[in-house]
Trainee: 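Could you have a look at this structure, given as structure tokens, before my questions?
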Amino acid sequence: MADAVHTGEGHQRRIFSGIQPSGGLTLGNYLGALKRFVELQEDGAAETIYCVVDLHAITVWQDPAALTRATREMTAGFIAAGIDPARSILFNQSQVAAHAELGWIFSCVARIGWLNRMTQFKDKAGKNREAASVGLYAYPTLMAADILVYHATHVPVGEDQKQHLELTRDIAIKFNNDTGTEFFPVVEPVIEGAATRVMSLRDGTKKMSKSDPSDMSRINLTDDADTIAQKIRKARTDPDPLPEALAGLDRRPEARNLVNIYAALAGSTPEAVVAEFAGQNFAAFKPRLADLAVSVLAPISTEMGRLVQEPGEIDRILARGAERAAALANPILDRTKDILGMIRAPKP
Ligand code: AQP
């Protein structure tokens with residue numbers, strides 16, 4: 001199986017990505033990642049594998065009941081947004097042990113100096129680094145394993161994951177060099193769309209994040225229409241009207257963020273949005289943005305609400321997905337062990 005996936009130069013196109021169930025899905029996750037996941041599935045040009053990465057979520061403490069709930073809700077969010085568990089492989093990470101096993105192997109390939117450069121660890125660990133978990137520090141090596149255990153070639157992510165993907169490439173290259181093979185593909189990040197970095201609604205210099213203590217900083221996929229409208233109305237902006245050209249937003253991060261969000265939701269471009277609203281102030285723009293956000297998100301939120309009523313069905317979908325994922329991952333892990341000289345029982 002592994003050899004069918006990996007044939008020298010001829011890796012077939014395979015897409016992998018994941019989202020942490022460390023809270024509910026945000027508009028940032030949707031526009032930066034999930035919407036792209038669906039487009040790539042619909043494109044049909046490659047096999048698509050999508051994962052709710054619960055092992056990553058526990059790099060910071062998660063209440064166990066909340067983790068279960070968030071994993072099911074996130075799975076419902078994937079399906080409601082258009083991921084079809086028959087066409088894509090959809091599962092939660094901890095059900096496929098190969099991720100953690102290859103993660104360990106990669107923690108022996110990656111260098112401490114490489115991990116020391118990861119800005120996400122610095123941001124998330126904050127000032128009290130000594131108290132951060134070892135898992136939070138080693139997170140990018142597990143992420144490399146998530147991707148490479150499928151020999152995935154393309155990874156759709158938001159802008160914030162670019163550095164981790166570069167590390168994934170470095171790990172693949174070092175493993176291949178160390179072992180004199182071309183076993184792991186050098187992955188391509190897919191960072192596309194008008195909103196690859198959606199910013200907080202309260203601070204245009206900070207990423208919109210599901211774990212931000214302020215709920216007003218983000219739009220959740222479960223927010224109702226009134227809440228979405230209220231959050232957009234209260235979003236921080238500046239007193240100036242929208243400019244004639246995009247360059248006029250260069251030093252206006254909050255304004256630029258709302259324009260990007262509008263463009264991504266409308267399937268348009270920031271240039272076209274600025275051209276349409278040039279000269280109008282935010283009192284006029286915000287209600288239009290709220291209407292657009294509600295029209296896109298309300299159907300997803302309604303469907304999510306329906307799906308989470310059937311947790312048994314969600315768990316069955318995840319288990320089926322995990323079985324299919326393991327069937328792809330295990331032979332690649334076995335080959336990795338062979339390359340490293342590890343003895344394993346011969347296949348009967
Ligand atoms: N604000 C964002 N704009 C664009 N893309 C985003 N992504 C996350 N936030 C934004 C993309 O969503 C995918 C899943 O991210 P994740 O949940 O695995 O981790 P994260 O990037 O750390 O997301 P959060 O919301 O900030 O989670 P917490 O608060 O738990 O740390 C990735 O492709 C990411 O780029």
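Counting convention: from 1, in listed order, for ligands and their atoms alike.
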Trainee: Shared ILVMFWY cluster between Val109 and Leu142, side chains joined below 4.5 angstrom?
Mentor: no
Trainee: Under 4.0 Å from a heavy atom of Gly18: give me the atoms of ligand 1 that qualify, with their elements.
Mentor: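 Result: 14 (C).
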Trainee: Considering the heavy atoms of Ser211, write down every atom of ligand 1 situated less than 4.0 Å from one of them.
Mentor: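 Listed by number with element, the hits are 28 (P), 29 (O), 30 (O), 31 (O).
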Trainee: Could you check which of Lys162, Lys210, Lys124 puts a non-hydrogen atom nearest to atom 31 (O) of ligand 1?
Mentor: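 The residue whose heavy atom sits nearest atom 31 (O) of ligand 1 is Lys124.
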Trainee: Answer side chain, backbone, both or neither: which part of Ala33 comes under 4.0 Å from ligand 1, heavy atoms only.
Mentor: side chain
Trainee: In the protein, which heavy atom is nearest to atom 35 (O) of ligand 1, and how far is it?
Mentor: Asp160 OD1, 2.5 Å
Trainee: Please write down residue, atom name and distance for the protein heavy atom closest to atom 19 (O) of ligand 1.
Mentor: Gln20 NE2, 3.1 Å
Trainee: Side chains of Asn260 and Asn257: do they bring a donor and an acceptor to under 3.5 Å?
Mentor: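 Side chains of Asn260 and Asn257: no pair found under 3.5 Å.
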Trainee: Within the 3.5 Å criterion, strictly below it, is a donor on Glu73 or Thr222 matched to an acceptor on the partner's side chain?
Mentor: no
Trainee: Hey, are the side chains of Met118 and Tyr139 touching, using non-hydrogen atoms and a 4.5 Å cut-off?
Mentor: no
Trainee: Indicate whether the side chain of Thr48 and that of Ser88 have a donor and an acceptor atom separated by less than 3.5 Å.
Mentor: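 A donor-acceptor contact under 3.5 Å links the two side chains.
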Trainee: Check each atom of ligand 1 against the heavy atoms of Gly32 and keep those under 4.0 Å away; list them by number with element.
Mentor: 4 (C), 5 (N)
Trainee: So is Asn29 in contact with ligand 1, going by heavy-atom distances below 4.0 Å?
Mentor: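 Distance cut 4.0 Å: Asn29 passes for ligand 1.
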Trainee: Please list the nearest protein heavy atom to atom 26 (O) of ligand 1 with its residue and the distance rounded to 0.1 Å.
Mentor: Ser209 OG, 2.7 Å
Trainee: Quick one: do the Ser214 and Asp212 side chains pair a donor with an acceptor below 3.5 Å?
Mentor: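 No, Asp212 and Ser214 have no side-chain donor paired with an acceptor closer than 3.5 Å.
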Trainee: For ligand 1, is any non-hydrogen atom under 4.0 Å from Leu34's backbone (N, CA, C, O), its side chain (CB onward), both, or neither?
Mentor: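 Within the 4.0 Å criterion, Leu34 makes no contact with ligand 1.
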Trainee: Would you please say whether a donor-acceptor pair under 3.5 Å links the side chains of Asn116 and Tyr137?
Mentor: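 Result is yes, a qualifying pair exists.
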